[in-house]
Structures are given as structure tokens and as C-alpha cells.
2 protein chains.
Amino acid sequence: MERGGSGVPGGRRKQRVSMADVAKLAGVSSQTVSRVSNGHPGVISSTREQVLAAMRELGYRPNSAARALRYGQFNTIGVILFSLSSTGNSRTVEAIATHAAAEGYAITLIPIDVPTQDNVLGAFTRMGELAVDAVIVIMEIHLLDTGTVQLPPGVHVVVVDSDAGDRHSVVDTDQADGARQAVQHLLDLGHRTVWHVTGPQASFAGQRRAQAWRAVLREAGRPVPPALYGDWSAESGYAAGLVLAEPPDCTAVFAANDQMALGLLRAFHERGLSVPYDVSVVGFDDIPDAAYFVPPLTTVHQDFAEVGHRCVQKVLQQIRAGEGGRPGTDLVPTRLVVRGSTAAPRG
Amino acid sequence: MERGGSGVPGGRRKQRVSMADVAKLAGVSSQTVSRVSNGHPGVISSTREQVLAAMRELGYRPNSAARALRYGQFNTIGVILFSLSSTGNSRTVEAIATHAAAEGYAITLIPIDVPTQDNVLGAFTRMGELAVDAVIVIMEIHLLDTGTVQLPPGVHVVVVDSDAGDRHSVVDTDQADGARQAVQHLLDLGHRTVWHVTGPQASFAGQRRAQAWRAVLREAGRPVPPALYGDWSAESGYAAGLVLAEPPDCTAVFAANDQMALGLLRAFHERGLSVPYDVSVVGFDDIPDAAYFVPPLTTVHQDFAEVGHRCVQKVLQQIRAGEGGRPGTDLVPTRLVVRGSTAAPRG
DNA sequence: CGCCGTCATGTTTACGTAAACATGCTGTCA
DNA sequence: TGACAGCATGTTTACGTAAACATGACGGCG
């Protein structure tokens with residue numbers, strides 16, 4: 001009854017239980033409460049018990065704003081991203097959150113719903129005011145370069161999915177190597193060449209996969225068919241599939257992600273083309289469902305958990321060293337997972 | 001050169017730029033800086049310009065810990081969840097983050113990697129110390145009831161995916177109605193009865209879908225086949241599909257989510273059963289890929305964005321009213337999306 | 001012409017915590 | 001036995017911000 005602060009209309013926001021309250025009840029100074037609260041030595045056990053009892057009775061919980069103010073840090077890492085919808089992003093964020101929690105850090109999410117210059121700029125501006133010790137940016141970094149948008153100076157930062165390794169500390173999966181493995185696998189099976197359904201043109205991940213695809217074909221002296229442009233969605237993969245199902249005969253396709261590969265599978269199925277006997281399909285990501293597509297999808301596995309883990313490691317390193325991140329790119333290996341959607345061409 | 005604080009080894013963490021620094025440079029008091037910073041009236045424009053210039057020169061950014069301490073709130077909402085891997089959770093979190101950002105609130109993620117009592121307890125304990133004004137819990141709430149685990153008193157909270165509506169403020173999709181629509185659709189097509197692949201037994205969402213399935217069959221006077229137990233994964237759906245492909249003849253299956261439905265599709269395909277002509281399949285969730293399964297999946301659409309939106313609304317309402325949430329359940333409608341995986345039974 | 005209201009700006013204080021320093025008591029050793 | 005080390009605990013202070021209150025100058029009106 002006495003803690004009716006919340007209901008007072010028009011009144012100031014009533015304080016929650018503070019150290020002083022606990023101290024008064026326990027009959028000690030607030031500094032002793034602080035010592036008990038932080039497990040410092042030098043408090044005799046009888047006193048400690050009194051304090052703990054008082055804490056329990058009042059339901060004391062430390063005020064982290066005051067702590068943060070005192071210590072000059074928040075034990076929080078900010079994560080800026082466009083979307084949680086993609087498998088990759090949500091898995092990466094999950095890994096970041098888990099590893100950060102293990103180190104005593106919380107995660108603050110700063111979503112950017114529409115990737116306009118203004119919104120990105122706004123996010124970074126807010127970022128500076130936000131209660132975070134460091135930032136992990138999961139996005140196409142080139143958006144940062146095209147305008148006045150830039151990371152606030154003096155903020156520890158790690159970037160995912162970008163080629164900004166010359167200016168920032170970057171963690172990414174080895175997209176190029178994964179794409180190479182995918183295309184090489186198809187060539188090794190005996191396909192004359194390999195078609196490609198790309199990701200969005202603004203995406204660096206998509207760009208790198210397409211570059212590697214082109215490079216492998218060139219190195220092998222194979223003809224390079226025109227790329228089909230997708231946007232990561234199954235729908236765009238389906239549309240590409242309808243095109244590829246027509247002559248000139250395509251026997252192998254490398255899709256820049258698994259969802260577009262799914263769209264391809266449906267389009268080929270509708271057109272009466274058998275995968276893998278008429279056309280081989282390789283995806284990218286290895287989403288959990290890929291093994292249960294019809295047929296099970298050969299794809300490039302990305303270890304998002306590891307990406308998240310390394311992001312946290314790097315960012316904590318920066319915080320602890322008190323220095324900005326060394327520019328450079330940290331690549332997590334990718335590997336091809338061969339399933340039922342690829343085979344030697346007919347004939 | 002003079003701001004070399006970060007590099008001093010062993011030294012105290014150097015302060016960043018504070019209001020006092022800006023005030024000194026601008027030749028005003030820190031209170032005037034505060035007024036400019038917060039856009040208060042009563043600062044003559046020439047003074048304001050001076051202050052703004054000083055802010056720019058020093059790269060001043062407000063310290064949110066001090067702000068939070070002053071105001072007694074953090075403008076942050078905590079989100080406790082088990083996993084971001086499921087479509088539903090990641091979409092809900094994304095919507096929460098977006099709507100919260102629009103209201104000036106940030107989102108702090110508190111993941112629980114393994115749902116043991118200890119970990120849940122730990123999360124809630126940390127919660128109390130965390131810099132949040134309210135909490136949204138996305139998880140199977142019954143884990144909270146089985147032991148000593150409970151939400152810290154005095155914390156504003158909204159729960160998702162739970163039947164705790166008698167004690168907490170709950171937002172959820174209308175699982176029961178969605179399941180009813182799915183089963184009724186299959187009966188309307190002329191199927192004699194409908195089989196069901198469940199979610200994990202610990203899941204309330206799964207339980208409610210199964211209950212509704214049973215209820216519709218009973219009301220229609222149809223035989224209720226034994227449930228097949230799944231765990232949301234495509235793999236478990238595949239295993240169930242292999243069982244269902246054997247006699248006694250099953251002509252219609254309702255899977256408790258789309259991934260398990262995907263597993264069913266593959267199992268039936270492998271066994272030479274045609275979907276929908278031999279067997280009809282309905283899923284639940286309406287993940288973006290579902291429209292591109294082979295065949296396109298009939299499924300129950302859940303509006304996760306709306307769930308996230310309402311969570312934020314409710315939680316802000318609690319914060320602003322300064323009161324605990326009214327217990328009660330807020331249901332977001334679900335709707336059946338009919339695609340190609342359902343048809344009338346043969347014969 | 002003088003009083004007072006208005007307005008821009010400065011000063012004081014409190015938010016909750018914890019480091020640094022101060023106090024006072026106990027026991028030990030020269 | 002007296003000075004001092006060691007230890008439990010208390011007091012002071014600072015972290016950065018902003019509300020509340022104080023100050024002082026200027027102008028309008030009786």
C-alpha cells in the first residue's frame with residue numbers, strides 16, 4: 001500500500017527502491033549496500049546478511065542508468081540492420097545476442113525499415129545518443145558511402161556483409177569461395193556452362209557471388225550466359241525459372257540464395273523439367289528447409305552462428321582495448337553441401 | 001591530439017564530451033546547452049547558434065545514462081525470447097522493433113539459448129537489472145509457471161504465444177480459429193477425416209492448434225485419427241509423412257506449421273503420392289516460401305507484424321498509464337489462404 | 001519617473017551508484 | 001604499554017543531465 005507512487009496522477013515519477021532505502025532499513029550506510037550488491041570483500045557476514053535481507057524485503061534492484069553513468073559504459077552492443085526476415089540476418093543476430101549475453105552484454109536492435117539515405121542517417125544519429133558501447137552493422141555498407149552518411153566518430157564498430165574492409169573491421173562468410181565451389185561443382189559434373197540468378201544489384205553479397213560465378217566460368221574457358229536478376233525472393237526465382245525453362249537449353253543454374261532456388265524448382269516442375277535430370281540447381285545459404293525441398297537442394301552452407309560469434313569477439317576486443325577496430329576482413333569459410341538437386345547432364 | 005583519453009594505458013576511462021565542455025566553449029552555462037539540446041524555447045537565436053556551433057566542433061552527443069538517471073526511464077523495451085530462428089518470432093521481433101522505434105523506444109534482446117528453468121530464471125533476474133522500462137515475453141509461458149520462476153514484480157509486461165491471459169496481458173494470433181478454418185476447409189472439400197501433425201508438446205501454440213483440430217472433427221462427428229507428433233522441423237514432418245503414406249489411407253493432413261508441411265510434401269512425393277490428388281495438405285504460418293512449394297501450400301496466414309504492433313501499443317500504454325497490464329488476451333485474426341495443395345478426395 | 005512583469009540566462013540541486021578517502025576499533029609486536 | 005597495521009564501515013565526491021529557482025536587464029504603463 002505504501003508504494004503507491006505509480007498511481008499518483010500528475011505527481012512526479014516516484015523513485016523505485018534505491019540503495020539509500022535499503023541502507024536505512026538495514027541500518028548501514030549506502031556504501032555498505034553497494035559493497036554487498038557488488039560482492040566486494042570486506043563486509044562481515046552478519047552485516048551482509050542484514051543487507052541482503054533488507055534488499056529482499058524491499059525488492060531492491062540496482063539502477064543500471066546510475067551504474068552506467070558511474071562506470072561510463074553500458075554493457076550493451078547496438079545492432080543496426082535492415083531486416084530480420086532473412087535467415088542469415090536473424091541467425092546472425094541470434095548468435096550475436098547469445099554470445100554477447102555470455103559476456104555480460106545486452107543487445108539493442110536498431111532496425112531501419114526502409115533503406116533510404118534519410119533513415120540510415122537517422123539511425124546513425126540516434127546511434128550516437130543511444131546507450132551502447134559499440135555497434136555491429138549488418139547491411140550493405142555502400143549505402144553509407146554514397147552520401148554524407150557515416151558512422152559517428154569514436155564508436156567501436158564491426159560491419160557484416162560488406163566490402164568495406166579497407167576502412168572498417170568486417171566479418172563475413174567467404175561468399176566468393178562458396179560461389180566458386182558451387183559453380184565448380186556443376187562444371188565438374190560435366191555441364192558445359194552454368195547460368196546464374198543474382199541477388200539484388202545493391203547487395204554486395206549478391207555482387208560477390210555473381211563475380212565469382214563469372215570468374216570461374218572465365219577461368220574454365222566456358223561461355224558466360226547473361227545473368228538473370230533476382231531479389232532474393234522465391235517469386236523472383238520462379239520468374240527466372242520460367243525464362244530458363246525455354247530454349248536455349250540450360251542444364252545448370254546457380255541461384256544466389258535458397259529461396260530463389262526454391263522458385264526455380266517450382267518453375268522447372270511446372271514446365272515438366274526434371275531436377276536434377278534435365279536441369280541441375282544449386283542454391284546458397286543452406287536454410288534448414290533446403291534439405292526438404294523436392295528434390296533436396298544442393299547448396300552452399302554459411303555458418304551464421306560463427307559470423308555472429310566473431311562479431312561479438314571483435315567488438316569486445318575493441319571495447320576492451322579502448323581502440324577503434326583495425327580495418328580488415330575476417331572471412332568465415334563456406335562449404336558446398338551436395339544433395340539431390342545436382343547431377344551430370346543428360347546425354 | 002588533446003583528446004587522447006582512449007589511449008592512456010591504465011588511466012581512468014576518459015570522459016566523452018559533456019555539456020560542461022560545450023558550455024565552456026560557447027561561453028554559456030551548461031543549462032543553456034541543455035535547453036538547446038532539448039529544443040526548449042527561451043534561448044535567443046544568436047546564443048543558440050553559438051551553442052550549436054560548439055556542439056558541432058566538439059562532436060557533442062548527449063549521455064543517455066545521465067538522461068535515463070534524470071528522467072527515471074530508459075526509453076527501452078526488453079524482449080525475452082528463446083529463438084529468432086522461427087519465422088514467427090523473427091517477424092514479430094522485427095515489427096516490435098520498428099513500431100518501438102517509431103515511438104522513440106529502442107529494443108533490447110534477451111535471448112535464452114536453452115530453455116531450462118535456470119536460464120529462464122537467470123534471464124528474469126537480469127531483466128530486473130537491465131535498462132528497460134517494460135518487457136515483452138515471447139515464449140511458452142508455462143515454463144514460468146512450473147517453478148519458482150516469475151516475472152519481477154512491478155515490471156510492465158506483455159506476453160506473446162501463451163494462455164496466461166488470466167494473469168498477464170497477452171497478445172497472440174487466433175490459433176484456434178486458424179486451425180478450425182484449416183480443418184473445416186478439408187472437410188468441406190469432402191474428406192472423411194483429417195490427420196494432424198502437431199508441434200512440440202510443450203508448445204501452447206501447438207496445443208491449441210491440436211485442440212481445435214480435435215474439436216472440429218468431434219463436432220462434425222468424424223473419427224479422430226491419432227495425432228502424429230512433430231517438433232516444427234521439416235525433418236519431423238518428413239518422418240510423419242512417411243508414416244502417413246502407408247495405409248490406412250490418409251487423404252488429408254493438417255500440419256501445425258509450414259515447415260512440417262514441407263516435409264510432408266517431400267515424403268508424399270517420394271512415395272509416389274500426388275498432392276493434392278492423393279493427399280491434401282494444409283500448413284500453418286504462411287511463410288513467404290509457402291507459395292512456391294510444389295505444389296503451392298494452402299496454409300493459415302498469421303499476421304506477425306500486427307502481433308508485434310499490438311505488443312508495442314499495449315506495453316506503451318502500460319508505461320504511460322504507469323500501471324500494470326490488465327490481464328486478458330488480445331487475438332489477432334488468422335485467415336486461411338487456399339493454394340494448390342488441397343483438393344477434393346479422389347473417387 | 002518608478003514599479004513590476006517579461007524574458008534570457010545563470011546557479012543550485014537531485015537522480016543512484018561507487019571510487020577514494022576518512023574514521024574508529026581491535027589486536028599485535030617492539 | 002604504546003604506536004601502528006589491519007579491517008569493517010562511514011563520509012565525501014563526481015559521473016552528466018535538467019527541473020526548479022534565482023538573477024538581472026529592459027520596457028511599458030500608471
Side-chain angles (χ1 to χ4, degrees), chain A residues 5 10-52 54-55 58-75 128-133, chain B residues 5 10-52 54-55 58-75 128-133:
Chain A
R12 285 293 313 284
R13 178 118 181 93
K14 218 31 172 289
Q15 271 313 126
R16 276 209 333 213
V17 182
S18 79
M19 278 193 168
D21 300 320
V22 176
K24 200 186 311 176
L25 178 63
V28 299
S29 76
S30 64
Q31 183 55 34
T32 300
V33 177
S34 170
R35 282 190 259 259
V36 172
S37 177
N38 294 38
H40 283 235
V43 179
I44 211 165
S45 60
S46 63
T47 309
R48 162 169 279 115
E49 280 312 317
Q50 272 182 336
V51 171
L52 288 174
M55 281 180 171
L58 297 176
Y60 169 76
R61 274 171 291 135
N63 179 317
S64 48
R67 266 191 148 99
L69 178 58
R70 190 82 244 283
Y71 286 128
Q73 60 171 25
F74 303 93
N75 280 348
E129 306 171 6
L130 231 47
V132 299
D133 301 312
Chain B
R12 286 291 313 285
R13 179 118 181 91
K14 218 32 173 290
Q15 271 313 126
R16 278 209 331 214
V17 181
S18 77
M19 278 192 167
D21 301 319
V22 176
K24 201 185 312 175
L25 179 64
V28 299
S29 75
S30 62
Q31 183 55 35
T32 300
V33 177
S34 170
R35 283 189 259 258
V36 172
S37 177
N38 295 39
H40 282 236
V43 179
I44 210 166
S45 60
S46 63
T47 309
R48 161 170 281 115
E49 279 314 316
Q50 273 181 335
V51 172
L52 289 174
M55 282 180 172
L58 297 176
Y60 169 77
R61 275 171 290 135
N63 178 317
S64 49
R67 266 192 149 99
L69 177 58
R70 190 82 244 283
Y71 287 128
Q73 59 171 27
F74 302 93
N75 280 349
E129 304 171 7
L130 231 47
V132 299
D133 301 313

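Just so it is clear: chains get the letters A, B, ... in the order the sequence lines come, proteins before strands, and each one is counted from 1.
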Participant: Can you name the nearest heavy-atom pair linking A:A23 to A:S29, along with the distance?
Facilitator: CB-C, 3.7 Å
Participant: For a 4.5 angstrom cut-off between non-hydrogen side-chain atoms, does A:V22 reach A:M19?
Facilitator: no
Participant: Would you indicate whether the side-chain heavy atoms of B:E49 and B:S46 approach each other to under 4.5 Å?
Facilitator: no
Participant: Give a yes/no answer on whether the side chain of A:Y71 brings an N or O atom under 4.0 Å of OP1 or OP2 in D:dA14.
Facilitator: no
Participant: Using atom OH of A:Y60 as one end and atom C1' of C:dT17 as the other, report the distance to the nearest whole Å.
Facilitator: 7 Å
Participant: May I have the distance from B:M19 (atom CE) to C:dT9 (atom P), rounded to whole angstrom?
Facilitator: 15 Å
Participant: Expressed in angstrom and rounded to an integer, what is the separation of A:K24 atom NZ from D:dT9 atom P?
Facilitator: 21 Å
Participant: Just N and O in the side chain of A:N63: are any of them under 4.0 Å from OP1 or OP2 of C:dC15?
Facilitator: no
Participant: Just the rounded figure in Å: distance from C1' of D:dA18 to CG of B:L69.
Facilitator: 11 Å
Participant: Side chain of B:T47, heavy atoms from C-beta onward: which of D:dC15, D:dT17, C:dA8 has the nearest atom to it?
Facilitator: C:dA8
Participant: From the options D:dT17, D:dA19, C:dA19, select the nucleotide whose nearest atom is closest to the side chain of B:H40.
Facilitator: D:dA19
Participant: Considering all heavy atoms of both residues, which atom of A:R48 and which atom of A:H40 are nearest to each other, and what is their separation?
Facilitator: NH2-O, 3.1 Å
Participant: Tell me the interatomic distance from A:D21, atom CG, to C:dC15, atom C1', rounded to whole angstroms.
Facilitator: 13 Å
Participant: Round to a whole Å and report the spacing from CZ of B:R67 to P of D:dC15.
Facilitator: 19 Å
Participant: Between B:F74 and B:V132, what is the shortest heavy-atom contact and its length?
Facilitator: CD1-N, 3.7 Å
Participant: Rounded off to whole Å, could you give me the CG-to-P distance for the B:N38 and C:dT9 pair?
Facilitator: 16 Å
Participant: Please compare A:V33 and B:S45 by the position of their nearest nucleotide in DNA chain C and report the one closer to 5'.
Facilitator: B:S45
Participant: May I ask you to test the B:N38-B:R67 pair for a side-chain heavy-atom distance under 4.5 Å?
Facilitator: yes
Participant: Which atom names give the shortest non-hydrogen contact between B:V33 and B:V51, and what distance separates them?
Facilitator: CA-CG1, 4.1 Å
Participant: So which protein N/O to nucleotides 10-13 of chain D N/O distances come out below 3.5 Å?
Facilitator:
from, atom 1, to, atom 2, distance (Å)
D:dG10, OP2, A:S29, N, 2.9
D:dG10, OP2, A:S29, OG, 3.1
D:dG10, OP2, A:T32, OG1, 2.7
D:dG10, N7, A:R35, NH2, 3.0

Participant: Give the nucleotide from the list C:dA18, C:dT17, C:dA8 with an atom nearest to the side chain of A:S18.
Facilitator: C:dT17
Participant: Whole angstroms only, please: what is the CZ-P distance between A:R48 and D:dC7?
Facilitator: 15 Å
